[in-house]
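This is a predicted model, so every value here is computed, not measured.
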Amino acid sequence: MSLQHTSSKRCLTSSGWLLHKGKLLLVKHKMLSIWLAPGGHVDENELPHHAAEREFLEETGVKVKAVSAAPILSSGEETEDLPMPFLCNLHWINRPGEKKARQDGTICGQHYVFAFFVEPEGELGKLDNSDDGIDEVRWFTKKEVQTLKETSNTIRREALYVFDHHPAAKRKGAT
């Protein structure tokens with residue numbers, strides 16, 4: 001049975017993937033004990049790309065801007081085209097019977113994530129891991145990601161995709 005056909009409370013989340021000078025910025029998630037891209041829940045009335053930017057800043061101290069993974073068509077008077085994520089997926093955060101709660105007490109069964117390429121706004125300063133849900137913030141090379149044990153195969157696959165397809169990699173041959 002596929003995840004999309006499973007009855008579960010689904011929460012919308014967004015993540016930001018920053019590649020800079022051939023290195024990828026990841027965070028060590030406190031509750032999950034794995035390395036992953038900075039991100040979190042989309043707040044009510046918040047757009048997914050804004051959530052990725054906000055969560056990235058909160059978890060790393062780095063101000064970023066979402067970059068569309070596909071060309072943005074010109075908007076009309078009644079529409080506004082927004083940055084496209086490079087990936088959307090659905091995954092378990094709590095399988096049936098599990099009760100890992102967010103800091104606000106909310107329990108999601110599944111996360112529907114919008115994964116965005118992000119680029120820094122301005123110069124990169126000192127990393128800040130003062131977010132309560134984050135143990136550590138660190139830059140990784142492609143080789144380090146390939147052998148990283150404290151992550152999932154899905155996140156490793158996504159990270160390796162970013163090394164090859166992020167706009168920064170295409171501009172500067174950053175891999």
Side-chain angles (χ1 to χ4, degrees), residues 1-19 24-70 72 78-119 127-138 140 145 148-162 165-166:
M1 179 181 281
S2 69
L3 288 173
Q4 63 183 312
H5 295 105
T6 303
S7 179
S8 177
K9 179 178 180 182
R10 293 190 177 116
C11 299
L12 297 180
T13 63
S14 288
S15 62
W17 294 80
L18 175 61
L19 183 68
L24 185 64
L25 190 59
L26 299 176
V27 296
K28 179 92 178 268
H29 193 279
K30 192 172 279 190
M31 182 178 69
L32 301 175
S33 298
I34 61 172
W35 290 96
L36 44 71
H41 286 78
V42 178
D43 291 339
E44 187 175 347
N45 297 320
E46 185 177 37
L47 296 170
H49 68 286
H50 289 158
E53 295 165 356
R54 175 185 51 77
E55 288 283 350
F56 204 98
L57 178 61
E58 290 174 3
E59 295 183 0
T60 69
V62 177
K63 187 169 177 60
V64 295
K65 184 86 174 154
V67 179
S68 187
I72 296 178
E78 64 282 340
T79 63
E80 180 180 357
D81 294 333
L82 303 173
M84 294 285 296
F86 72 88
L87 170 86
C88 294
N89 77 29
L90 183 65
H91 61 268
W92 286 110
I93 194 67
N94 279 298
R95 295 183 186 277
E98 293 180 331
K99 300 263 187 206
K100 291 179 268 183
R102 294 176 52 193
Q103 291 173 340
D104 67 3
T106 305
I107 297 177
C108 303
Q110 296 174 343
H111 280 171
Y112 183 71
V113 65
F114 300 89
F116 290 93
F117 295 131
V118 296
E119 292 186 340
L127 299 178
D128 176 12
N129 68 334
S130 59
D131 185 288
D132 288 342
I134 302 302
D135 277 334
E136 190 178 349
V137 180
R138 197 171 112 204
F140 289 86
V145 167
L148 185 60
K149 295 190 187 321
E150 295 174 298
T151 196
S152 70
N153 288 330
T154 299
I155 293 167
R156 182 177 298 103
R157 185 180 70 241
E158 293 167 6
L160 294 174
Y161 179 89
V162 170
H165 295 91
H166 192 285

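Interatomic distance, CG of L148 versus CG of L26, reported as 7.5 Å (0.5 Å rounding). Separating the CD1 atom in I72 from the CD atom in E80 is a distance of 9.0 Å, to the nearest 0.5 Å. To the nearest 0.5 Å, the span separating CZ on F116 from OG on S68 amounts to 8.5 Å. Rounded to the nearest 0.5 Å, atoms CG (D131) and NE2 (H29) are 8.5 Å apart. Atom-to-atom distance recorded for K65:NZ and H49:NE2 is 6.0 Å, nearest 0.5 angstrom. Expressed to the nearest 0.5 Å, how far OG1 of T60 lies from CD of E55 amounts to 10.5 Å.
Considering T13, L12, L87 as possible partners of F114, the one that fulfils the side chain to side chain contact (heavy atoms under 4.5 Å, CB included) test is L12. Of the options V162, V62, V67, a side chain to side chain contact (heavy atoms under 4.5 Å, CB included) to L18 is made by V62 and by none of the others.
Formation of a donor-acceptor pair under 3.5 Å by the E53 side chain with backbone atoms of A66 is found in this model.
A 4.5 Å side-chain heavy-atom check between C108 and H41 finds at least one atom pair inside the cut-off. Counting only heavy atoms from C-beta outward, the side chains of L25 and L127 approach each other to under 4.5 Å. Using a 4.5 Å heavy-atom cutoff, the side chains of R156 and V145 are in contact.
Within a 6.0 Å radius of NZ in K28, more than 12 heavy atoms belonging to other residues, nucleotides or ligands are found.
Taking both residues in full, the closest heavy atoms of A159 and L24 are given as CB-CD2, 3.6 Å, listed atom of the first, atom of the second, then distance. Pairing each heavy atom of V137 with each of E59, the nearest pair is CG2-O, 3.3 Å. The two atoms that bring S15 and A52 nearest to each other are O-CB, 3.6 Å, heavy atoms only. Listed here is the closest heavy atom pair of Y112 and C88: OH-CB, 3.5 Å. Smallest separation of non-hydrogen atoms from V42 and S14: CG2-OG, 3.6 Å.
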Side chain to side chain contact (heavy atoms under 4.5 Å, CB included) between R157 and T154, worked out: CA-CA 5 Å; R157 185 180 70 241; T154 299; 3.8 Å; yes

Side chain to side chain contact (heavy atoms under 4.5 Å, CB included) evaluation trace for Y161 with W17: CA-CA 10 Å; Y161 179 89; W17 294 80; over 6 Å; no

Worked check of side chain to side chain contact (heavy atoms under 4.5 Å, CB included) between H91 and H111: CA-CA 6 Å; H91 61 268; H111 280 171; 3.5 Å; yes

Tabulate below the donor-acceptor pairs under 3.5 Å that side-chain atoms of residues 32-39 make, not counting sequence neighbours, or state none.
none

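Between H166 and F117, the angle of the ring planes goes over 60°, which puts this pair in the perpendicular group of the 30/60° scheme.
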